[in-house]
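One structure is given here, and the rest of the page talks about it.
Note on naming: letters A, B, ... go to the chains in the order of the sequence lines (proteins, then strands), and numbering restarts at 1 for each one.
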There are 2 protein chains.
Amino acid sequence: MIVFTMKKATAKAKPQPPSGKTPMRTRILDASLAVVREKGYAAATVDDLCAKAGVTKGAFFHHFDSKEALGVAAADYWSQLTGELFKGAPYHRHADPLDRFLGYIDFRGELLQGKVPEFTCLVGTMVQETYETHPAIRDACQRSIFGHAREVAKDIEAAKKIHAPHAAWTAESLALHTQAVLQGSFILAKAEGSVAVAADGVAHLRRYVEFLFQKNQTGKTNQ
Amino acid sequence: MIVFTMKKATAKAKPQPPSGKTPMRTRILDASLAVVREKGYAAATVDDLCAKAGVTKGAFFHHFDSKEALGVAAADYWSQLTGELFKGAPYHRHADPLDRFLGYIDFRGELLQGKVPEFTCLVGTMVQETYETHPAIRDACQRSIFGHAREVAKDIEAAKKIHAPHAAWTAESLALHTQAVLQGSFILAKAEGSVAVAADGVAHLRRYVEFLFQKNQTGKTNQ
DNA sequence: TGAAAAATACCAACTAGTTGGTATGATCGT
DNA sequence: ACGATCATACCAACTAGTTGGTATTTTTCA
């Protein structure tokens, strides 16, 4: 009495073995990151997520009240993961906050590796589809993007005090612009199917920051 | 024998009267722009589009072979509409190509009016969801974005020859970066539910361009 | 300590409603 | 009369979410 539960040709039966003892909730969240970044929130069915995570629907709805709740949790999980990633990144070693900010930009450039769904931003993808229809997800994405920008803004603010105290722009605004360039570059990369255009965008952003801080030389400072 | 065809609470029965004699195909395309920009491609059901256009399903599938074909047609229609919009825009009056490019940026800033779904980009929204799952739509979006960038690049190229002939960056790359800033600013605006952050992004872009062309004054040149 | 009680974690099968798409017929201009 | 345009009725597959139940862990308290 074998029962075929695979109903869609697109549903790949990959039980995904990311270490056998990962808690189910985390497995579902990890699967959601992958699937949503690949096909978007709306097109990612609960069955897709379960198949990718190697989990049954019962388990899914035990951990999440609804698909929307999963969306919110995925955005929060993304905030946590990226927060840890950037917290542990090497650019924080620099003594000068401007070098830290430029190091951050370079670090973002280095993250542009692999295939498109692997380096693009989950919350940037999700908020495009959900900003009108799922306010809870929109808010979670807002927290993720703007919270991250607030962290970056700390270095920018310090750098501004030292290197450009009288500039007209605000640190917050420049941090958000940085996020906008990255998000937009991801869109172009998706349209082209290539990472090169995104790397170009990061290069333009770096040059802009060098201009803002009157650093017209190459920018390669200490060490 | 009244038949209730409204099945969803979200389906607003707006037969939408955009002039009675608009051809059906165009009505469907116009409706698609509105609905897809609001909720994305995947979440926009065929019934949604028909309801918004005031058209039956039979008419829909008479004009479009599939939902995917509608997506491609909508992207092409978007290219046509935006092409005409920018072709008729006032910034082309300027004699200096740099003024035309700066005028283009200002024009993009002026387009940031109304509610979020009204000024955001259809193809930027669609390509995020479809780049892996619907190659035909992805390609149509790619043509729209990169084709538009190619138009903008003409003025940049001419401006570069005059004002910054030895610069390291290419006109094409700067044109694409311009699109990236806009697309990314739309994402931030969606996350915030506000246009202000997008306007900030455009201001940063303008300052960058002024830097690139050594125009450190306010940029208000002839007339 | 240790067994009973109570959460918690999970599962397979099911459901009510939705989805993109179709079959067939009506209407219209020429 | 006839092809193009549109309307109605319909469908098979899919969708988010439920159900009733079992396994496992945690808590309670004698």
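Distances were taken from every side-chain heavy atom of A:F61 (C-beta onward) to each of D:dC6, D:dA16, C:dC10; the shortest belongs to D:dA16. When the nucleotides C:dG20, C:dA9, D:dA16 are ranked by their closest atom to the side chain of B:T45, C:dG20 comes out on top. With D:dC6, C:dC11, D:dT15 as the choices, the nucleotide that has an atom nearest any side-chain atom of B:A59 turns out to be D:dC6. Side-chain proximity of B:V46 to C:dG20, D:dC6, D:dT15: nearest is C:dG20.
Residue-to-nucleotide contacts include a donor-acceptor pair under 3.5 Å from the side chain of B:K57 to the base of C:dG20.
Taking the charged nitrogens against the carboxylate oxygens, A:K52 and A:D30 have no contact shorter than 4.0 Å, which rules out a salt bridge. Salt bridge B:D48/B:K39: present, at least one basic N to carboxylate O contact under 4.0 Å. Ion pairing between a basic and an acidic side chain is recognised when a charged N comes within 4.0 Å of a carboxylate O; A:R93 and A:D99 show no such pairing.
Rounded to an integer number of Å, the gap from A:R25 CZ to C:dT8 C1' is 14 Å. Distance, A:D47 CG to C:dC14 C1': 13 Å, rounded to whole Å. Distance B:D65 CG to D:dT5 P: 13 Å, rounded to the nearest Å. Atom-to-atom, CZ of B:R27 to P of D:dC6 comes out at 9 Å; the value is rounded to the nearest Å. To the nearest angstrom, P of C:dT19 lies 7 Å from CG of B:D48. In this structure, the CD1 atom of B:I28 is 14 Å from the P atom of C:dG20, given to the nearest Å. Taking atom CD of B:E68 as the reference point, atom P of C:dT19 lies 19 Å away to the nearest angstrom. The NE2 atom of A:H63 sits 7 Å away from the C1' atom of C:dC10 (whole-angstrom rounding).
At most 12 non-hydrogen atoms from other residues, nucleotides or ligands lie less than 6.0 angstrom from CD of B:E172.
The shortest distance between the side-chain N/O atoms of A:H62 and the OP1/OP2 oxygens of C:dA9 is below 4.0 Å.
Remark: B:K67 fails to qualify as a cation-pi partner of B:F60 under the 6.0 Å distance and 45° angle criteria applied to the six-membered ring.
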